[in-house]
Structure formats: structure tokens, C-alpha cells
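Scroll down for the structure; my scribbles are underneath it.
Basis for what follows: all heavy atoms, side chains included, without hydrogens, waters or symmetry-related copies. Because the structure is a prediction, the values reported are computed rather than measured.
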Amino acid sequence: MRIWGKVLGVLFGSMLGNILWVILGLWIGHRFDKATSGSFVFSAAKSQAAQQAFLFSTFAVLGHIAKSKGVVTQQEIQVANFLMDQMRLQGEARRQAQDAFRQGKDADFPLEEQISRFVSAVNGRRDLLQMFMEIQLQGVFADGVIDDSEHALLKRVAKALGFSEAELQAMISRWEAELKFHRHGGQRQSAQSSAKQLEEAYQILGVNQQDSDQQIKRAYRKLMSQHHPDKLVAKGLPPEMMELAKQRTQDIQQAYELVKQQRKSAN
């Protein structure tokens, strides 16, 4: 039960020193509490619907893209299961995700129609749409490459989400750089691998080595804001996907720290 509107209404009425103003303040406060309480329930319901649409659409589209080559590979199934593990999906929630993946594999799966429903459910929030696209790229890169059929479907998905081909290519380049960044980071650092990892760090941030420190910091802050887990969950990202968002912010942070450290030592 919300009461702050009534409290403030009574206080305001008391300040005017008249019982009629107190009663009027109480009534106005009551109306305010009732209105905001309804808005809160409606907002919570919309948020839950957005989260459900995000989860279903994620695995359905993953399944559809995986099937584009004719046969779903074991690696692609493992990636889907890995994502479910990261989200700690168990019981009914995991069965729903698996069912969505199977539905997506159907030849008559309505790709654009499903994405349109998803976009509507999350109110077209661009950072959520970008996170969705990045998860699809993670699935596509399960075998390390994007073949022609997968690329064609990715373009359809990106277009339905409202991204241009140039924006899609930029996301693909960043994801490729991120995979290589992890691989080089796990290797013994030679001069060549260190140079490659630095190059990949710039690509993750979407900047060039010729850019100024201020430009790089601005790009870093923008990416961190776009992938901030708490902000994304508040906008409709399923809480189960928070770990994926955290990993993205960690990669962005590591890339920025590497670039910053190299620039500092070069001066």
C-alpha cells in the first residue's frame, strides 16, 4: 500500500492552516497513491513480459540460425547449453529455453515476426537489442567462422532489430576481436602476441590507434553504459542474463586498461 502521497498531502494542507485544505490534501494524496500504485504494477508486468520475450526470442533465433546450414552441429548445441548454464536455467525455465531452440529450427519459423514482437516487448531499447544481437553472434561463432547462410540470416536479424549492415559488421568485428583477445591473453606473451592483443583491444573499443585519449575514453564509457548489467536488467534484460552482461563489461574494461597502459608507457 502506497501512503506517501497522503502524508505529503496532509502536511501541505496543514501548512495552509485550514482543515478543509488538510482534507483536500488527503484526497489528492490518495488519488496520487492509487495512480502511482497502478503504474508500478503495470510497469512490473511489462518488465516481466519483456524478460520472457527476451529469453524465448534469444533461444528461438539461435536455433533458427543454427539450422541455416541444414544440420545443427554439436558445437552449436553446446553453445546453447553453455548459455543456459551461464544463466543457471534449471527445471521448467531450461525446458522452455530448449523448446524455444527447437521451435526456432522449424523451417517455417516466423523470424521477422518473432523479432518484431520482441522489439515491441522491450520498447525498442537499443542497448537491449544490441545485447540480443551480440548473444546471437556468440552462438554463430561457436565453430569459429560465419558461413554465407549464417551471414545472410544475421543480416535479416539485424535489419529486423533496426541495425544497418555497417552496424552489424562493426559488431561482428568487435566480437571477432574479443575472441582473439581472450586467446592471446591465455597464451605466453611474446612481442608479437602482445602487439596483436593490443590491436584487438582497440577493435573491442571500436576505436583506432590514431584516436586521442579523450576519444578512446568516450568510446569506453559509452560501451560500459550500454552493457551495464543493472541498467540492462532494469530495462528488461532477464536477470539470468546478467552474467553475460558482466562478462562483456569485464572484456571492455580489460581492453581499455591495456590500451591505457600502453599509451602511458609510450609517453
Side-chain angles (χ1 to χ4, degrees), residues 65 75 79 82-83 86 125-148 150-155 157-159 161-232 235 237 241-267:
I65 295 177
Q75 286 175 308
V79 167
F82 175 69
L83 289 172
Q86 283 187 305
R125 294 185 176 96
R126 199 164 177 81
D127 40 8
L128 288 179
L129 303 183
Q130 181 170 317
M131 186 71 189
F132 179 89
M133 194 74 225
E134 289 172 353
I135 294 172
Q136 300 306 317
L137 290 175
Q138 184 172 349
V140 169
F141 274 106
D143 55 3
V145 295
I146 300 179
D147 68 15
D148 291 341
E150 289 173 329
H151 195 264
L153 269 179
L154 285 174
K155 288 197 291 186
V157 173
K159 183 178 180 180
L161 291 171
F163 294 112
S164 67
E165 288 192 29
E167 289 173 320
L168 170 62
Q169 188 55 51
M171 281 188 270
I172 290 174
S173 297
R174 283 199 300 269
W175 189 253
E176 285 178 320
E178 197 163 328
L179 291 175
K180 294 175 182 176
F181 185 78
H182 281 293
R183 187 162 62 245
H184 288 134
Q187 295 174 349
R188 185 175 179 180
Q189 290 291 294
S190 63
Q192 183 178 5
S193 63
S194 295
K196 288 297 294 181
Q197 193 179 28
L198 179 62
E199 179 183 336
E200 290 144 9
Y202 277 101
Q203 291 175 344
I204 290 172
L205 297 174
V207 296
N208 299 311
Q209 297 192 29
Q210 294 77 25
D211 290 337
S212 67
D213 291 349
Q214 189 61 34
Q215 287 173 308
I216 291 171
K217 180 182 286 188
R218 192 180 304 120
Y220 159 73
R221 287 179 173 173
K222 181 179 179 180
L223 285 172
M224 290 295 284
S225 177
Q226 289 173 342
H227 295 86
H228 193 287
D230 293 331
K231 289 183 179 179
L232 290 176
K235 292 179 180 180
L237 182 76
M241 290 186 174
M242 183 179 284
E243 188 60 34
L244 301 179
K246 285 181 180 178
Q247 290 176 2
R248 293 288 292 129
T249 57
Q250 288 170 2
D251 291 340
I252 294 166
Q253 179 74 45
Q254 289 175 7
Y256 179 64
E257 291 298 330
L258 182 61
V259 169
K260 191 168 64 169
Q261 180 181 354
Q262 184 271 337
R263 286 184 165 233
K264 184 177 180 180
S265 61
N267 292 332

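- Counting heavy atoms from C-beta on, the side chains of W175 and M171 never come closer than 4.5 Å.
- Rounding to the nearest 0.5 Å gives a distance of 16.0 Å between CZ of R125 and CZ of F132.
- Distance alone, capped at 3.5 Å, is enough to place a donor-acceptor pair between the Q197 side chain and the F181 backbone.
- Residues M131 and Q226 fail the side-chain proximity criterion, which asks for heavy atoms closer than 4.5 Å.
- Residues Y202 and N208 form no side-chain contact, since every pair of their non-hydrogen atoms from C-beta on lies 4.5 Å or further apart.
- With no hydrogens or angles considered, no side-chain donor-acceptor pair links Q254 and Q250 at under 3.5 Å.
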(Q) Using the rule given for side chain to side chain contact (heavy atoms under 4.5 Å, CB included), can you reason through Q138 versus F82, listing the C-alpha separation, both sets of side-chain angles and the distance that settles it, and then say yes or no? (A) CA-CA 11 Å; Q138 184 172 349; F82 175 69; 4.1 Å; yes
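- D127 CG to L129 CG: the interatomic distance, rounded to the nearest 0.5 Å, is 8.0 Å.
- With contacts defined as side-chain heavy-atom distances shorter than 4.5 Å, the pair E134/H227 qualifies.
- Panel note: side chain R263, backbone Q209; a donor-acceptor pair is recorded below 3.5 Å.
- Rounded to the nearest 0.5 angstrom, I65 CD1 and L154 CG are separated by 4.5 Å.
- V259 pairs in a side-chain contact (heavy atoms from CB on, under 4.5 Å) with only one of the listed residues (D211, I216, I204, V207), which is I216.
- Between L168 and M133 the shortest side-chain heavy-atom distance falls below 4.5 Å.
- Every side chain to side chain contact (heavy atoms under 4.5 Å, CB included) that D147 has, sequence neighbours left out, goes to K69, S149, E150.
- Residue E178 holds its CD atom at 11.5 Å from CD of Q203, rounded to the nearest 0.5 Å.
- Counting only heavy atoms from C-beta outward, the side chains of K155 and H151 approach each other to under 4.5 Å.
- Side-chain N or O atoms of S225 include none that pairs as donor or acceptor with a backbone N or O of K222 at under 3.5 Å.
- Within the 4.5 Å cutoff, no side-chain heavy atoms of F163 are placed close to those of V157.
- Between the side chains of E257 and Q261, no donor-acceptor pair is found at a separation under 3.5 Å.
- Atom NE2 of H228 and atom CZ of R248 lie 15.0 Å apart (nearest 0.5 Å).
- Remark: R174 CZ to I252 CD1 distance equals 8.5 Å, nearest 0.5 Å.
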